[in-house]
Amino acid sequence: MAAFGIRIVLLLAACLLPLSVEALVRHYKFNVVVKNATRLCSTKPIVTINGKFPGPTIYAREDDTVLIKVVNHVKYNVSIHWHGVRQLRSGWADGPAYITQCPIQPGQAYVYNFTLTGQRGTLWWHAHILWLRATLHGAFVILPKLGVPYPFPKPNMEQVIILSEWWKSDTEAVINEALKSGLAPNVSDAHTINGHPGPVQGCASQEGFKLDVQPGNTYLLRIINAALNEELFFKIAGHELTVVEVDAVYTKPFKTDTIVIAPGQTTNVLLTTKHAAGKYLVAASTFMDAPIAVDNNTATATLHYSGTLSSTLTTLTSIPPSNSTLLATTFTDSLRSLNSKKYPARVPLKIDHNLLFTVSLGINPCATCVNNSRVVADINNITFVMPKISLLQAHFFKIKGVFTDDFPGNPPVVYNFTGTQPSNLNTMNGTRLYRLAYNSTVQLVLQDTGMITPENHPIHLHGFNFFVVGRGQGNFNPIKDPKKFNLVDPVERNTVGVPAGGWTAIRFRADNPGVWFMHCHLEIHTTWGLKMAFVVDNGKGPNESLLPPPSDLPKC
């Protein structure tokens, strides 16, 4: 563990060395390879980057250019998404398969080339095809520019904490079986903290992750939820956490003993080691306030003060009930943008596109499925059909017949979304996009429905950050609810939870030309079709236009 800490310090030191250079070009090589991994007393082959699980952390600084060569040595097609990176004019490097690129085929390679303009904080990267992101993921740490301090007390140390899920089975087999049956997939067998579930009864060799700390220090924990399908609570026994950033945007600091974090989200917290010694339980447990099967296993790690004997009993903490809606809502409602002079919240006030998207489940006929039907998911009753070539190529080269730009800005049928549901649960299929002029402003209300069941949906928008100006329970009221919007210091992020049986309102400016995916970050819902894309046209001149594709862009 000490060696791990030294490695982090050396990596940070390497980032600090070139004092004379403002922005650097950083090169990484990602070999996609299969490696055997043992968890829960059982071994299976997993897809990894460079043989590591979780994968390697990318370190860079704000305004650096990053070149990551991804070489595919496995049997699957692969693509990597740099989750939360704005990709200004560089949509070819965004990564979602068949949206901005064809996947990297076995034996092929692709260099992702992009600049980290105006961003600093914790993001992450993950596979964006099939269910490969179960093990193909890692942290993406963007340090501030040289000489620019954090807007909070400087930590003594930093630590990446990646929360994830683990299946004993091959995850591709899990989803393929579900698609064949038309039913929901098996839930995971464990949650993990930095790749480890924690001590498991009967598995003597399976230790959990250990975070070694010194008393009287402040640690910056960069927490990432890389789980496929589950929102998580995170807490450390006997310690308060101060939230200072979410999704690589600084927040007004606030103290809490529990954070809630959805798949796709990141949260930076300050941890002050106020005790003289001891071992303290670190816990990641499920949040689910709908009648849906989840993995109720809690992942555990240990906060270990230096000098504490290994025989010392670990101080435990209470695990929140999985349906603790009030705890989750209180945390979410506490998030506010820093909105300082240096880091202002530029909330769009004049709106060009006022959109209402329902996010739902549905049921469509399927002759070969168990009940002659399959569960699907949709936005505005459209189950998205993936194209055979990338949407960005079709847009850039004006290839006809790949997509239409007639995605509805409002639900085709208006009903009591969170009340009595229609008897017909069928959806429409289509590859339909919503077109935006460059620099136009969007207000988008994401409305959950009770179709099959209400559920919390973490929605991720590629290519943009957005401001979360409001949220509430029940159906959005376009007359009353906007009066309560926070247009001063709403939290800014790239992934937001739509509460079960409720709505969330976001605003953003379409200042990034290209095709930008928006989808639920519960992987099963994305697989089922809860996804769509915005196509943003070029503005005036080269600085407001999408760059041409690189010569090594993968072919379908």
Side-chain angles (χ1 to χ4, degrees), residues 325 329 332-333 335-337 345-362 377-382 384 405-422 424-425 427-428 432-437 439-461 464-510 516 518-520 530-534 536:
T325 307
T329 303
T332 303
D333 288 348
L335 294 168
R336 292 277 186 277
S337 281
R346 296 192 175 94
V347 188
L349 300 179
K350 180 182 156 293
I351 297 299
D352 299 315
H353 296 262
N354 221 321
L355 309 177
L356 175 66
F357 286 4
T358 56
V359 288
S360 305
L361 301 181
D378 61 272
I379 300 177
N380 275 355
N381 207 45
I382 296 166
F384 193 84
D405 60 1
D406 59 350
F407 191 91
N410 287 281
V413 178
V414 176
Y415 62 97
N416 181 0
F417 299 123
T418 55
T420 306
Q421 298 299 300
N424 181 358
L425 302 184
T427 69
M428 296 180 286
R432 297 164 71 177
L433 277 56
Y434 191 94
R435 190 175 292 275
L436 295 167
N439 224 28
S440 58
T441 53
V442 179
Q443 177 175 294
L444 170 56
V445 176
L446 296 158
Q447 173 73 60
D448 186 35
T449 78
M451 200 82 80
I452 302 184
T453 178
E455 188 176 350
N456 193 318
H457 297 274
I459 301 294
H460 172 48
L461 175 60
F464 301 96
N465 282 349
F466 50 73
F467 293 97
V468 186
V469 295
R471 69 197 297 270
Q473 279 301 307
N475 298 333
F476 175 72
N477 184 318
I479 308 300
K480 293 180 181 173
D481 288 327
K483 292 173 183 170
K484 296 178 276 192
F485 282 178
N486 174 7
L487 302 177
V488 178
D489 62 350
V491 68
E492 181 183 347
R493 57 189 327 163
N494 62 56
T495 306
V496 67
V498 180
W503 56 270
T504 294
I506 66 173
R507 290 187 177 190
F508 67 96
R509 181 177 294 279
W516 303 108
M518 189 179 80
H519 60 96
C520 183
L530 207 164
K531 48 197 173 186
M532 58 82 65
F534 290 99
V536 180

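Just so it is clear, the structure is predicted and the values come from calculations on it, not from any experiment.
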Chemist: Once salt bridge (charged side-chain N to carboxylate O under 4.0 Å, His left out) is applied, do any residues pair with D489, and if so which ones, sequence neighbours excluded?
Modeler: K252, R336

Chemist: Find the distance between CG (L530) and OG (S360) and round it off to the nearest 0.5 Å.
Modeler: 7.5 Å

Chemist: Is it true that a side-chain atom of N477 and a backbone atom of I479 form a donor plus acceptor pair closer than 3.5 Å?
Modeler: yes

Chemist: Which of these, L433, T427, I379, sits in a side chain to side chain contact (heavy atoms under 4.5 Å, CB included) with F384?
Modeler: L433

Chemist: Is the shortest heavy-atom distance from the side chain of V468 to the side chain of F466 under 4.5 Å?
Modeler: yes

Chemist: Measuring only between side-chain heavy atoms, which start at C-beta, is N381 closer than 4.5 Å to T358?
Modeler: no

Chemist: Just by distance, do the side chain of S440 and the backbone of L436 share a donor-acceptor pair under 3.5 Å?
Modeler: no

Chemist: Can you give me the closest heavy-atom contact between I459 and C520, atom names plus distance?
Modeler: CD1-CA, 3.9 Å

Chemist: Between D378 and K531 (side chain of the first, backbone of the second, donor and acceptor by atom type, cut-off under 3.5 Å), is there such a pair?
Modeler: no

Chemist: Go through the steps for V347 and V469 under the test side-chain contact (heavy atoms from CB on, under 4.5 Å), then give the verdict.
Modeler: CA-CA 9 Å; V347 188; V469 295; 4.1 Å; yes

Chemist: What pairs meet the ring pair (Phe, Tyr, Trp, His ring centres under 6.0 Å) rule with one or both residues in residues 489-509, with sequence neighbours excluded?
Modeler: F464-F508, F476-W503, F508-F534

Chemist: May I ask you to test the R432-P408 pair for a side-chain heavy-atom distance under 4.5 Å?
Modeler: yes

Chemist: Would you check if the side chain of E455 reaches a backbone N or O of L361 as a donor-acceptor pair within less than 3.5 Å?
Modeler: no

Chemist: Of all the heavy-atom pairs spanning G409 and Y434, show the shortest one and how long it is.
Modeler: CA-CE1, 4.0 Å

Chemist: Do you know the tightest heavy-atom contact between F467 and R346?
Modeler: CE1-O, 3.2 Å

Chemist: Minimum heavy-atom separation for V359 to D448, with atom names?
Modeler: O-OD1, 3.5 Å

Chemist: Taking only residues two or more places apart in sequence, or in another chain, which ones meet R507 in a salt bridge (charged side-chain N to carboxylate O under 4.0 Å, His left out)?
Modeler: none

Chemist: If we ignore hydrogens and angles and just use 3.5 Å, is the side chain of H460 paired with the main-chain N or O of N494 as donor and acceptor?
Modeler: yes

Chemist: Which value, rounded to the nearest 0.5 Å, describes the distance between L444 atom CG and F357 atom CZ?
Modeler: 5.5 Å

Chemist: Measuring from N354:CG to Q443:CD, what's the distance to the nearest 0.5 Å?
Modeler: 4.5 Å

Chemist: Could you work out, with side-chain contact (heavy atoms from CB on, under 4.5 Å) as the rule, every residue matching P499, not counting sequence neighbours?
Modeler: R471, Q473, T504

Chemist: Roughly how far, to the nearest 0.5 Å, is CG of N465 from OG of S337?
Modeler: 9.5 Å

Chemist: Give me the atom names and distance for the closest heavy-atom approach of T441 to P348.
Modeler: CG2-CB, 3.8 Å

Chemist: Please lay out, stage by stage, how N410 and L355 fare under the test side-chain contact (heavy atoms from CB on, under 4.5 Å).
Modeler: CA-CA 6 Å; N410 287 281; L355 309 177; 5.9 Å; no

Chemist: Looking at residues at least two apart in the chain, or sitting in another chain, which of them share a side-chain hydrogen bond (donor to acceptor under 3.5 Å, both in side chains) with N475?
Modeler: N416, T418

Chemist: Let me see the working for T449 and Y415 under side-chain contact (heavy atoms from CB on, under 4.5 Å), right down to the final yes or no.
Modeler: CA-CA 10 Å; T449 78; Y415 62 97; 3.8 Å; yes

Chemist: Which residue pairs pass the salt bridge (charged side-chain N to carboxylate O under 4.0 Å, His left out) test when at least one of the two sits in residues 349-361, sequence neighbours left out?
Modeler: K350-D352

Chemist: Between atom CE of M518 and atom CG of L461, what is the distance when rounded to the nearest 0.5 Å?
Modeler: 6.5 Å

Chemist: Work out which heavy atom in M451 is nearest to a heavy atom in Q421; give both atom names and the distance.
Modeler: N-OE1, 3.2 Å

